[in-house]
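In this text, all values refer to a predicted model and were calculated from it rather than measured experimentally. Convention: sequence-line order gives letters A, B, ...; per-chain numbering from 1.
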2 protein chains.
Amino acid sequence: MKLSTKGRYGVKAMFDLALHGGDSPLPLKTIAGRQEISEPYLEQLISVLRKDGLVKSVRGAQGGYLLAHEPDQITVGSIIRSLEGSMAPADCVIEDDPADCSKADCCITRGIWEKIRISIDNVIDSITLQDMIDEYNELRKQNKNYHI
Amino acid sequence: MKLSTKGRYGVKAMFDLALHGGDSPLPLKTIAGRQEISEPYLEQLISVLRKDGLVKSVRGAQGGYLLAHEPDQITVGSIIRSLEGSMAPADCVIEDDPADCSKADCCITRGIWEKIRISIDNVIDSITLQDMIDEYNELRKQNKNYHI
DNA sequence: CCTAAATCCAACCTTAATGGTAGGTTTTCA
DNA sequence: TGAAAACCTACCATTAAGGTTGGATTTAGG
């Protein structure tokens, strides 16, 4: 039940964008360097985030990426689901289109997988990039020793 | 974030053992047949469960497997963790020995992975095999149409 | 207008895990 | 003593992860 690097890198990159990005686009090279992620690999990930409408891109020199919405409108859940798909631990409890199973209505284990999915979704959908920024600033206030 | 078949088959097999097993050992062939799991594959899984003290085995003819404890003493969490390891979505938040990360004390994403792990653990550690049996019996009472 | 910086895109590649099979050895009840 | 069972080790095909490579396209700035 590991999250792959897709989800983890994606959240890190989006947080970096929320923290350091402003009105002018932030080039991927900067994000990748700061977060220590392979740039061409991150490129593939952010391409997915762009297609899902989480970031906007500006092409050409001085180009880069921008958050498509305010940080308090972007949840960690939307980032992770964009890159990893549903957080369902089994295909039979994927929210939008569950794999059909003949025993679905009387399967005891199914209820467990569903509870797990709901509990994960509750956590990740309740955290926004703004929450992460606030926490970062709080931590920064307490001990000067901060990086990302 | 899928659970592999190890965890899913393991829970199914243990539930089968709790439901149909008694004082005499239940052969793996019966469980595998009823749950539609490849017998030699399930053998590998139950071997892990045995080494972790969740089931006891009886060798020889008329042998098989028995739960090592009462159904209300065996949680879904203990089964899944035995077969899949920690439910931590990232190595830096594995409960017993987290992968060390230089930024651990000031990493914002780490807090998120930890919240996810805790919320999953809360769900799976709160469900015992007895709970599953109770739910099964309840379902059985309501509609006659029951299998596993 | 030219160039460098950037996004965009498609293909490839290596490694490890998944989900098994196959083929035996040992134990033990009837 | 035979059959049924657990036990054990090795193998294997497929897939996904986590990239790398090599280019094509766009565009601000000199």
Side-chain angles (χ1 to χ4, degrees), chain A residues 1-13 17 20-21 23-68 80 83-86 89-91, chain B residues 1-13 17 20-21 23-68 80 83-86 89-91:
Chain A
M1 281 282 285
K2 287 274 161 357
L3 213 53
S4 75
T5 55
K6 289 179 193 173
R8 287 188 284 122
Y9 288 178
V11 172
K12 284 196 175 212
L17 209 43
H20 299 108
D23 296 334
S24 54
L26 197 56
L28 200 61
K29 195 175 194 169
T30 309
I31 302 175
R34 196 154 36 205
Q35 299 298 328
E36 295 171 34
I37 300 171
S38 144
E39 191 193 333
Y41 183 47
L42 184 55
E43 194 177 289
Q44 291 177 43
L45 307 186
I46 208 157
S47 158
V48 175
L49 295 173
R50 181 175 56 84
K51 280 163 191 163
D52 283 350
L54 291 168
V55 296
K56 288 178 295 188
S57 66
V58 178
R59 299 190 67 170
Q62 317 309 115
Y65 293 92
L66 296 158
L67 291 183
I80 293 181
L83 292 164
E84 306 244 1
S86 167
D91 288 340
Chain B
M1 281 283 286
K2 287 272 159 3
L3 215 51
S4 74
T5 54
K6 290 179 192 173
R8 286 186 285 124
Y9 288 179
V11 172
K12 284 196 174 209
L17 208 43
H20 301 107
D23 296 335
S24 54
L26 197 57
L28 200 61
K29 194 174 193 167
T30 310
I31 302 174
R34 196 153 37 204
Q35 299 298 329
E36 295 172 35
I37 300 171
S38 143
E39 190 192 336
Y41 184 47
L42 184 54
E43 194 178 288
Q44 293 178 39
L45 306 186
I46 208 156
S47 159
V48 175
L49 294 172
R50 181 176 56 83
K51 279 163 193 165
D52 282 349
L54 292 167
V55 297
K56 288 179 295 188
S57 65
V58 178
R59 301 190 64 168
Q62 320 307 120
Y65 293 92
L66 297 157
L67 291 183
I80 293 181
L83 292 165
E84 304 244 3
S86 166
D91 287 340

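Close to D/dT20, at under 4.0 Å from its OP1 or OP2, lies a side-chain N or O of A/S38. Under 4.0 angstrom from either OP1 or OP2 of C/dG19 there lies at least one side-chain N or O belonging to B/S4. B/Y65 has a side-chain polar atom (N or O) that falls below the 4.0 Å cut-off from OP1 or OP2 of D/dC7. Taking side-chain N and O atoms only, B/K6 has no distance below 4.0 Å to OP1 or OP2 of C/dG19.
Here D/dA6 presents its P atom at 11 Å from CG of B/L66, a figure rounded to the nearest Å. Summarising the geometry, the separation between CD on A/E84 and C1' on D/dA17 is reported as 11 Å, rounded to the nearest angstrom. Computed from coordinates, the A/Y9 OH to D/dA17 P distance equals 13 Å when rounded to whole Å. Atom pair B/K51:NZ and D/dT9:C1' shows a separation of 11 Å (rounding to whole Å applied). One can place NZ of A/K2 at 11 Å from P of D/dG18, the figure rounded to the nearest angstrom. For the pair B/L83 CG and C/dG19 P, the computed distance is 12 Å after rounding to whole Å. Atom-to-atom, CG of A/L45 to P of C/dT7 comes out at 14 Å; the value is rounded to the nearest Å. One can place NZ of B/K56 at 13 Å from P of D/dC7, the figure rounded to the nearest angstrom.
Listed nucleotides C/dC9, D/dC8, D/dG19 differ in distance to A/E43; the shortest reach to its side chain belongs to C/dC9. Listed nucleotides C/dC8, D/dG19, C/dT21 differ in distance to A/T5; the shortest reach to its side chain belongs to D/dG19.
To the nearest 0.5 Å, atoms OH (A/Y9) and CD (A/E36) are separated by 9.5 Å. Rounding to the nearest 0.5 Å places CG of A/L28 at 5.5 Å from OH of A/Y65. A/S47 OG to A/K51 NZ: the interatomic distance, rounded to the nearest 0.5 Å, is 3.5 Å. The CD1 atom of A/I31 sits 10.0 Å away from atom NE2 of A/H20, with the distance rounded to the nearest 0.5 Å. Between the NZ atom in B/K2 and the CE atom in A/M1 there is a gap of 9.5 Å [rounded to 0.5 Å]. The CG atom of B/L66 lies 7.5 Å from the OG atom of B/S24; values are rounded to the nearest 0.5 Å.
Take the nearest nucleotide of DNA chain C for A/Q44 and for A/S57: the residue whose nucleotide is more 5' is A/S57. Nearest-nucleotide positions on DNA chain D place B/K29 closer to the 5' end than the other of A/Y41 and B/K29.
The shortest non-hydrogen separation linking A/S57 to A/R50 is OG-CD, 3.4 Å. Smallest separation of non-hydrogen atoms from B/R8 and A/A90: CD-CB, 3.7 Å.
A/R50 comes within 4.0 angstrom of sugar-phosphate atoms only, judged by non-hydrogen atoms across all strands, and of no base. B/I46 comes within 4.0 angstrom of nothing in the nucleic acid, heavy atoms only. Residue B/P27 is classed as a sugar-phosphate contact, given heavy-atom separations below 4.0 Å to backbone atoms only.
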Nucleic acid footprint by protein, nucleotides 25-30 of chain D - heavy-atom cut-off 4.0 Å, B for base, S for sugar-phosphate alone:
BBBB--
